[in-house]
Amino acid sequence: MKKLLAIMMTLTLTLSLAACGNSDVDSTDAEANAETDSLLQDALANASTETGADSDLAYVTDKGTLVVGITDFEPMDYKDENGEWIGFDADMARAFAESLGVEVEFVEIDWDNKILELDSKSIDCVWNGMTLTDEVTSAMECSNAYCNNAQIVIVPADTADQYQDVESLSDLSFAVEAGSAGEEEVSALGLNYTPVKAQSDALMEVAAGTSDAAVIDSLMAAAMVGEGTSYENLTYTVGLNSEEYGVGFRKGSDLAYALNNFFSDSYANGTMMECAEKYGVQAAIIEQ
C-alpha cells in the first residue's frame, strides 16, 4: 500500500480513494446466500424484460461457465505457486461467477485481440485491469468503473534523474503492450516504441536493455517495480495520464447490469474492500 500511495503522490493525480474486500463468498452463510439469490433474480428479471432471448446472462448460466479473458498482470490477474489464477480481478471474477451459480474459466488472451475474442464468444468478458478508453466503451458493454489507475514511465533506476518530465522522453525507445492504454499514450506523444504481447514483457525489455523505457499501469508498477520486487533496478518516473478500470462484455450484454449490482453489493458489505487489501490495491478502489 505504501508503494501504491507513493506512486499516486509521484504522479500528482487526483484519484478517488476508496477501499475494497475479499472475493471469497461464504456459501454457508444464510444472509450471503439470500443476497446472492436476490442479485441473480434481479439480473435475470432485467435480462428478460430488456433483451429477451438474446440475454447474455441466460447464455452464460445455461452453459454453466463464465469465461474470463485475462493477461498475466500482477496484482490483478497472475498465477500462484500452484499455477492457479489469483489477483484482485481474478478473485472478484470468481466471486461474481459464484453469485451467478456458474463456474469461472480463465483464458489468457492476446490483449490486442480482446474485442475479437469477445465478439466471437471465445470469452464472455474482459476482466484484467482494462482501461475504459473510447475504443473499449464503443466496442463493449462496460461495467461501472471500479478502480483508478494511470500510465507511468518505467526506466532503469540509475537513469531516472534524467527523465522527470514528458519533454525528456523524446529520445527514448519504449516497449508497450500492444492495444493497451500505454500504447495509446506513447503514440499520441509521437514517441518511438515497440509493441509487445504483455506489460510484463515490456518490463523484461527494459530490464534486458533492449528498450530504454516502458509504459505500464501504475498498479502493476506498485507490485513489480522497485525495492523488494522482481525488478529492483527499475523505477517509475513520469505519469502520463489518469484513468479508470472497467470490465467489458459483448455490446448490449445484460451481464454488465448484473456485475454493476454485484459491485454495489460487494462494496457495501465490505467484501470488495477485503479483496483489495489482500492485493494492496485498496487506495485505488472507486466507491460503488
**Report entry** Side-chain (R250) to main-chain (E141) donor-acceptor, under 3.5 angstrom
**Finding:** no

Query raised in the report: Would you say D72's side chain and Y78's backbone share a donor-acceptor pair under 3.5 angstrom?
Result: no

Query raised in the report: With side chains defined as the heavy atoms from C-beta onward, is the minimum distance between E185 and F174 less than 4.5 Å?
Result: no

Query raised in the report: Does any non-hydrogen side-chain atom of L219 lie less than 4.5 Å from one of F88?
Result: no

Report task. Give, for atom CD of E117 and atom CG of D110, the distance between the pair rounded to the nearest 0.5 Å. Result -> 8.0 Å

Query raised in the report: Do D56 side-chain atoms and D254 backbone N/O form a donor-acceptor pair below 3.5 Å?
Result: no

Query raised in the report: Using 30° and 60° as the class limits, which term best fits the ring planes of Y146 and F263: parallel, tilted or perpendicular?
Result: tilted

Report task. For the residue pair I115 and D119, establish whether any side-chain heavy-atom pair is separated by less than 4.5 Å. Result -> yes

**Report entry** Partner set under side chain to side chain contact (heavy atoms under 4.5 Å, CB included) for A157, not counting sequence neighbours
**Finding:** T235

Query - K197 with D112: basic N within carboxylate O range, under 4.0 Å - result: no

Query raised in the report: Distance-only, no hydrogens or angles: does the N149 side chain make a donor-acceptor pair with backbone N or O of S218 under 3.5 Å?
Result: yes

Requested in this report: Report the C-alpha separation of M224 and Q199 in whole Å, then their side-chain angles, then the decisive distance to 0.1 Å, and conclude whether the side-chain contact (heavy atoms from CB on, under 4.5 Å) test is met.
Outcome: CA-CA 11 Å; M224 297 188 68; Q199 292 189 73; over 6 Å; no

**Report entry** E243 and T131: side chain donor to acceptor below 3.5 Å
**Finding:** yes

Query raised in the report: Does some side-chain heavy atom of W85 sit less than 4.5 Å from a side-chain heavy atom of V68?
Result: no

Requested in this report: Look only at the side chain of E232 and the backbone of S230, and say whether a donor-acceptor pair between them is shorter than 3.5 Å.
Outcome: no

Requested in this report: Please round to the nearest 0.5 Å and tell me the distance separating atom CG of D171 and atom CG of D212.
Outcome: 9.0 Å

Query - hydrophobic_cluster_shared for M76 and I154, side chain cutoff 4.5 Å - result: yes

Report summary line: When every non-hydrogen atom of G248 is compared with those of M130, the smallest separation belongs to N-CE, 3.3 Å

Query raised in the report: Do Y193 and V215 touch side chain to side chain, with heavy atoms closer than 4.5 Å?
Result: no

Query raised in the report: Do the non-hydrogen side-chain atoms of Q151 and D217 ever get within less than 4.5 Å of each other?
Result: yes

Report task. Mark yes or no for whether S143, through its side chain, and V247, through its backbone, hold a donor-acceptor pair below 3.5 Å. Result -> yes

Query raised in the report: With a 4.5 Å limit on heavy-atom distance, are the side chains of Y163 and V153 in contact?
Result: no

Query - Side chains of T61 and L57 in contact at under 4.5 Å (non-hydrogen atoms) - result: yes

Report task. Please answer whether the main-chain N or O of S173 pairs with a side-chain N or O of N192 as donor and acceptor at a distance below 3.5 Å. Result -> no

Requested in this report: Quick one: pull up OH in Y236 and CE in M220 and give me the separation to the nearest 0.5 Å.
Outcome: 15.5 Å

Report task. Decide whether D91 and Y279 meet the rule of one side-chain donor and one side-chain acceptor closer than 3.5 Å. Result -> yes

